[in-house]
Student: 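Here it is: the structure, laid out below.
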2 protein chains.
Amino acid sequence: MEKAASPRASDIAYDKIRQFVLSGRAEPGQQLTEEQLARISGVSRTPVREAVRRLENELLIVRSDSKRLFVADWSADDIDEMFVLRGMLEGHAASRAARNISARQIEELGRISDLLDAAVRCSPPDVTAFLAQNRRFHEIILEAARSPRLSAMLPMLVEQPVVRRTAAQYKTEELLQSAREHRELIAAFTARDSHWARAVMTSHIRRAFHVFSSTAKRHKEQRQAND
Amino acid sequence: MEKAASPRASDIAYDKIRQFVLSGRAEPGQQLTEEQLARISGVSRTPVREAVRRLENELLIVRSDSKRLFVADWSADDIDEMFVLRGMLEGHAASRAARNISARQIEELGRISDLLDAAVRCSPPDVTAFLAQNRRFHEIILEAARSPRLSAMLPMLVEQPVVRRTAAQYKTEELLQSAREHRELIAAFTARDSHWARAVMTSHIRRAFHVFSSTAKRHKEQRQAND
DNA sequence: CGATAGACATTTGTATACAATACCGTCAAG
DNA sequence: CTTGACGGTATTGTATACAAATGTCTATCG
């Protein structure tokens, strides 16, 4: 058991509400009441309020002029900017990680990279596994960057409702390229070259943006065709 | 009356605790208990908890392994990184602001710039007024950037306990240069040149870092001499 | 017909009591 | 002298009741 989840009610509420929002069961823009969220998560309003505060900071939930809660609804500009900021901040994280990462962590990245390759080589590629390992890869880099500020800021930028995520239909070639970039990051870390690491990471995020953005557009056109 | 402060207890608690920490009355690393904070701010523990969550997100307060609260204690590396991140993010904010800022906001920046000049021209220069107007200047740019994410992230990077802030003994020449940079930012905004705005802002923050860092070092040497 | 005031319903905000947990000093055994 | 178990105390976590505020609907007036 890696880390036993504390049975704290506010954590339970946090997880449930987060999942409720990210899974797409909650409509963007929809109003949420504390009591409703309390029912969903099976705890009282007090821990729900704590959870809501956290989700509000991650911008998954927003508050109206006065204090009513709504599921966040992101514009195209919001999404674009998230990728821009991610590029800057994850680039910075990679740069710091190149200086601070331990041998143990580099090995771990290597193992994850093997799993990424495995997920791609399946036919059809196991996208779910790929995304899960990809997330772990980036988490380890964030950890290696040893910056409380980055650790507080990046979570605001990575999460996207599943409706958007699934809009991206990944092609094998794109996944392979992504896996290659992970390998190159490991090379940069091994060489302790912070500039190299930053450049690879920035490029990695920007490429992901364009993959996302083109498949999202394609997805949107298809929906419009159905109307 | 620009914006009437809601008499919400949690806001009161937020302000009071924030001031308590930033004013230096609280020792870095010192433990804080919710009850103590409730006494200080004159409300019950419930709103205190909300306020603490917010301050925790701004990294002014940290939580131990399990849930005890402490005043944040920043290392030199923390401070350095704060300036690096501020450079990136405020640069980005300036870039967006150059695209989105309104004529009305540019005028406002001009007025503030006049006040900055006035604060410097006094003898001795009115550093307090200068810092206050400087803050307002940057707030307007952040507003003009129209990015909820930047608005959520930058507050993590700007605040520093007064003990550190007062360590910087500003020279008139430095204040003048800073005022000049503000004017140049206005020029970049007027020209709607996002690259120019970003460059000036990045340079502005980096210069501030070096001013801060050299005076902090001087300050530290003086303290050591006294021991 | 539109606007507005006022009563009612819904939702958020706060205080308090109590439960669960973590910390710390003491003491006993190795 | 160190180590580890125990119990009291301090601190945080949760539920609930109630207060304040916001939104909404309707009836009345211009």
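In the text below, chain A, chain B and the rest are named by the order of the sequence lines, each starting its count at 1. These numbers come from the heavy atoms of this one structure, side chains and all, not from hydrogens, waters or symmetry mates.
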Student: Using a strict threshold of under 4.0 Å (side-chain N to carboxylate O), is an ion pair present between B/R53 and B/E50?
Tutor: no

Student: Quick one: which residue pairs count as a salt bridge (Lys or Arg N to Asp or Glu O under 4.0 Å) with a foot in residues 20-36 of chain A, not counting sequence neighbours?
Tutor: A/E34-A/R45, A/E34-A/R49

Student: So A/R49, base contact, sugar-phosphate only, or nothing? Heavy-atom distance under 4.0 Å.
Tutor: base

Student: Measure CD1/B/I12 against C1'/C/dG13 and give the value in whole Å, please.
Tutor: 12 Å

Student: Go through residues 51-63 of chain B and report each residue with a non-hydrogen atom lying under 4.0 Å from DNA chain C, sorted by number.
Tutor: none

Student: Are A/R135 and A/E159 ion-paired here, with the side-chain N under 4.0 Å from a carboxylate O?
Tutor: yes

Student: Take A/E34 and B/R68, find for each the nucleotide of DNA chain C with the closest heavy atom, and name the residue whose nucleotide sits nearer the 5' end.
Tutor: A/E34

Student: Hey, are the side chains of A/V84 and A/F209 touching, using non-hydrogen atoms and a 4.5 Å cut-off?
Tutor: no

Student: Mind calculating the distance between OH (B/Y14) and C1' (C/dG13) to the nearest angstrom?
Tutor: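 Rounded to the whole Å, the gap is 19 Å.
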
Student: Does a side chain donor of either B/R99 or B/S95 reach within less than 3.5 Å of an acceptor in the other side chain?
Tutor: yes

Student: Hey, does A/D78 have a side-chain heavy atom less than 4.5 Å from the side chain of A/L59?
Tutor: no

Student: What is the distance, rounded to the nearest whole Å, between atom CD of A/Q30 and atom P of C/dT11?
Tutor: 13 Å

Student: Work out how much the helix from C/dC1-D/dG30 to C/dG30-D/dC1 bends between its end axes, five pairs an end, to the nearest 10 degrees.
Tutor: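 Angle reported: 30°, given to the nearest ten degrees.
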
Student: Taking side-chain hydrogen bond (donor to acceptor under 3.5 Å, both in side chains) as the test, write out the residues that go with A/R206, two or more places apart.
Tutor: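 Expected list: none.
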
Student: Salt bridge between B/D11 and B/R54, side-chain N to carboxylate O under 4.0 Å?
Tutor: yes

Student: To the nearest angstrom, how far is A/L69 atom CG from C/dT10 atom C1'?
Tutor: 14 Å

Student: At under 4.0 Å between heavy atoms, what does B/L37 touch on the DNA or RNA strands: base, sugar-phosphate, or nothing?
Tutor: nothing

Student: Taking atom CD of B/Q19 as the centre, report whether more than 12 heavy atoms of other residues, nucleotides or ligands fall under 6.0 Å from it.
Tutor: no

Student: Are side-chain heavy atoms of A/Q105 and A/F189 found at a separation under 4.5 Å?
Tutor: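 No, every pair of side-chain atoms sits at 4.5 Å or beyond.
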
Student: Identify, residue by residue, the members of residues 38-48 of chain A with a heavy atom below 4.0 Å from DNA chain C, and return them in order of residue number, or none.
Tutor: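 Contacting residues: A/R45.
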
Student: Can you classify the ring geometry of A/H182 versus A/H138 as parallel (below 30°), tilted (30 to 60°) or perpendicular (above 60°)?
Tutor: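 Ring orientation of A/H182 relative to A/H138: perpendicular.
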
Student: Using the heavy-atom set of chain A and a strict 4.0 Å cut-off, write down the first and last nucleotide of DNA chain D that makes it in, 5' to 3'.
Tutor: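 Result: D/dG13 to D/dG23.
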
